Protein chains: 2
Amino acid sequence: MDETAPQKGTVTQRAIEQIKTMIAEGRLEPGQRLPTERDLAVQLGISRSSMREAIRALTVLGVLEARHGSGIYVTQLQAGDLLETFGVVADLSRGPRLVELLEVRRILESTATALAAARITADQLAEVEKHLTAMNATDDPDEILAHDLAFHREIAVAAGNDTMAAILEGLSSRTFRARVWRGYQEEGAFARTRREHAAIHRALAARDPEAARAAAAAHVGEVEEWLRAQLAG
Amino acid sequence: MDETAPQKGTVTQRAIEQIKTMIAEGRLEPGQRLPTERDLAVQLGISRSSMREAIRALTVLGVLEARHGSGIYVTQLQAGDLLETFGVVADLSRGPRLVELLEVRRILESTATALAAARITADQLAEVEKHLTAMNATDDPDEILAHDLAFHREIAVAAGNDTMAAILEGLSSRTFRARVWRGYQEEGAFARTRREHAAIHRALAARDPEAARAAAAAHVGEVEEWLRAQLAG
DNA sequence: CCGGCCATAGTGGTCCGACCACATCGAAGA
DNA sequence: TCTTCGATGTGGTCGGACCACTATGGCCGG
């Protein structure tokens with residue numbers, strides 16, 4: 001009888017969907033400021049508590065951004081904003097799924113590196129070189145890891161597909177990488193890693209997409225195979 | 001002075017990290033039941049409201065599952081659970097990022113189809129055929145879309161990498177696909193789509209990975225090019 | 001007239017206590 | 001023995017209060 005009561009799921013879930021829909025339909029533009037929590041709660045006919053849960057949920061998804069004392073804003077909805085949560089997948093995965101993640105990364109990373117070889121600018125190539133030399137100049141594992149990440153990140157950006165770069169960023173999240181790399185590097189894989197990085201850089205400098213694809217695939221594939229062997233043993 | 005007050009970020013954010021850490025460190029196993037919201041709040045020294053926000057956030061991320069009247073449980077942490085949110089990226093993306101998403105899908109889908117050609121079982125192939133014939137036997141756009149999705153989902157599963165399948169599932173989310181497909185099919189692309197699907201199936205039946213890769217890449221690439229042209233015009 | 005300071009209003013962040021809706025399980029009954 | 005149903009405990013929702021922070025604009029001193 002009551003046409004104003006759809007009543008599906010929790011009110012919070014409903015609020016999440018409604019806000020998402022407002023954004024998808026363009027009624028809320030990126031960067032725009034939303035009404036206050038109190039006003040939004042009244043508009044959707046729910047309590048402030050439930051509205052806050054909905055806002056919090058959309059915040060962790062990278063859709064909204066809450067600024068204490070200022071207001072709630074729609075993010076720019078950039079690939080990086082929305083795919084930030086992708087890292088939790090990598091962080092909470094163990095065993096066989098780690099191999100699957102590396103397989104996905106190998107596929108994307110090799111393609112991204114190939115694209116980068118064709119499109120990379122001189123400035124970007126210089127930046128890649130910087131991280132390559134810095135990586136080879138130190139013994140601190142943390143520093144090596146940081147430059148390793150930056151090395152691949154620069155390449156992914158140079159590929160020109162921000163979405164792909166954001167996904168690769170998640171697949172290489174710091175904690176994920178640290179867990180796998182630690183064991184890998186302990187087996188004296190430093191030299192091999194350096195050779196592979198050098199090969200990737202060489203292919204980029206030569207603007208050779210096929211060589212770049214092969215080098216990147218081999219690079220990730222090495223770790224993949226090592227991890228596979230670890231799990232089997 | 002007070003060593004018990006780290007005080008970084010909001011208490012809710014801290015609670016989210018703490019629960020995530022507990023799971024990452026194995027102190028909480030998949031499927032396990034957590035203490036009640038009230039108890040958890042006491043344990044972490046925060047209010048029930050803040051704890052609820054943290055739980056809600058982890059729920060939308062697919063890490064936790066709240067069952068009304070029963071309790072809060074850790075999900076199985078399957079790829080599908082954690083990558084469900086991937087769909088929101090597709091749903092909230094517009095313009096150039098749609099092309100980027102299709103590019104990622106083309107890369108992954110072509111590889112997945114190639115893997116499927118090598119690994120697919122007779123039963124799985126029969127399932128693929130079922131959706132192919134069903135897709136060609138109806139004129140209802142919604143039904144076509146549903147079978148189209150199922151067609152590619154079966155292939156992705158047959159590839160043997162659940163993580164990749166889950167990502168592809170997100171990249172083909174219903175609302176995303178509906179938005180792009182609508183315009184694409186309006187231009188009489190039905191016949192072409194059928195030919196491409198038939199080619200993919202033929203490659204799978206022939207257990208020919210290279211042909212499967214090419215057919216899948218062409219299939220997604222067609223839509224990609226069409227969308228690129230739409231945006232340019 | 002100008003610039004920096006500061007009171008104030010408004011916002012998100014946190015907490016509390018109450019009640020409701022639902023799932024579960026055991027005791028009472030057929 | 002099986003079924004029923006009530007008691008208990010759980011997540012879901014609500015309303016209000018207060019705290020922490022931002023931003024604004026007027027005031028004061030220069």
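Letters A, B, ... mirror the listed sequences (proteins, then strands); counts begin at 1. A quick note: this is a predicted structure, and the numbers were derived from the prediction, not measured.
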Is B/E17 paired with B/R14 through a side-chain N to carboxylate O contact shorter than 4.0 Å?
no

When rounded to whole Å, the CZ to P distance for the pair B/R14 and C/dG13 reads 14 Å

Check: B/T111 side chain, B/I107 main-chain N or O, donor-acceptor pair, under 3.5 Å
yes

May I ask you to check whether B/H152 and B/H197 place their ring centres under 6.0 Å from each other?
yes

Identify the 5'-most and 3'-most nucleotides of DNA chain D with at least one atom closer than 4.0 Å to a non-hydrogen atom of chain A.
D/dG12 to D/dT22

DNA chain C contacts made by residues 38-56 of chain A, counting heavy atoms under 4.0 Å:
A/R38, A/R48, A/R52, A/R56

Can you establish whether the number of heavy atoms outside A/E84 located under 6.0 Å from its atom CD is more than 12?
no

Those residues at least two apart in sequence (or on a different chain) that pass side chain to side chain donor-acceptor pair (under 3.5 Å) with B/Q78 are none

Heavy-atom donor-acceptor pair, A/R33 side chain to A/S70 backbone, under 3.5 Å:
yes

Under the side-chain contact (heavy atoms from CB on, under 4.5 Å) test against B/L171, which residue among B/V220, B/L101, B/L102, B/V89 passes?
B/L101

Output all residues satisfying side chain to side chain donor-acceptor pair (under 3.5 Å) with B/S93, sequence neighbours left out; order by chain, then residue number.
B/R97

List the residues meeting side chain to side chain donor-acceptor pair (under 3.5 Å) with A/T175, not counting sequence neighbours, and say none if there are none.
A/D91

Which residues, if any, of residues 65-74 of chain A bring a heavy atom under 4.0 Å of DNA chain C?
A/A66, A/R67, A/H68, A/G69, A/S70, A/G71, A/I72

Between A/R182 and A/E186, is there a side-chain N and carboxylate O pair less than 4.0 Å apart?
no

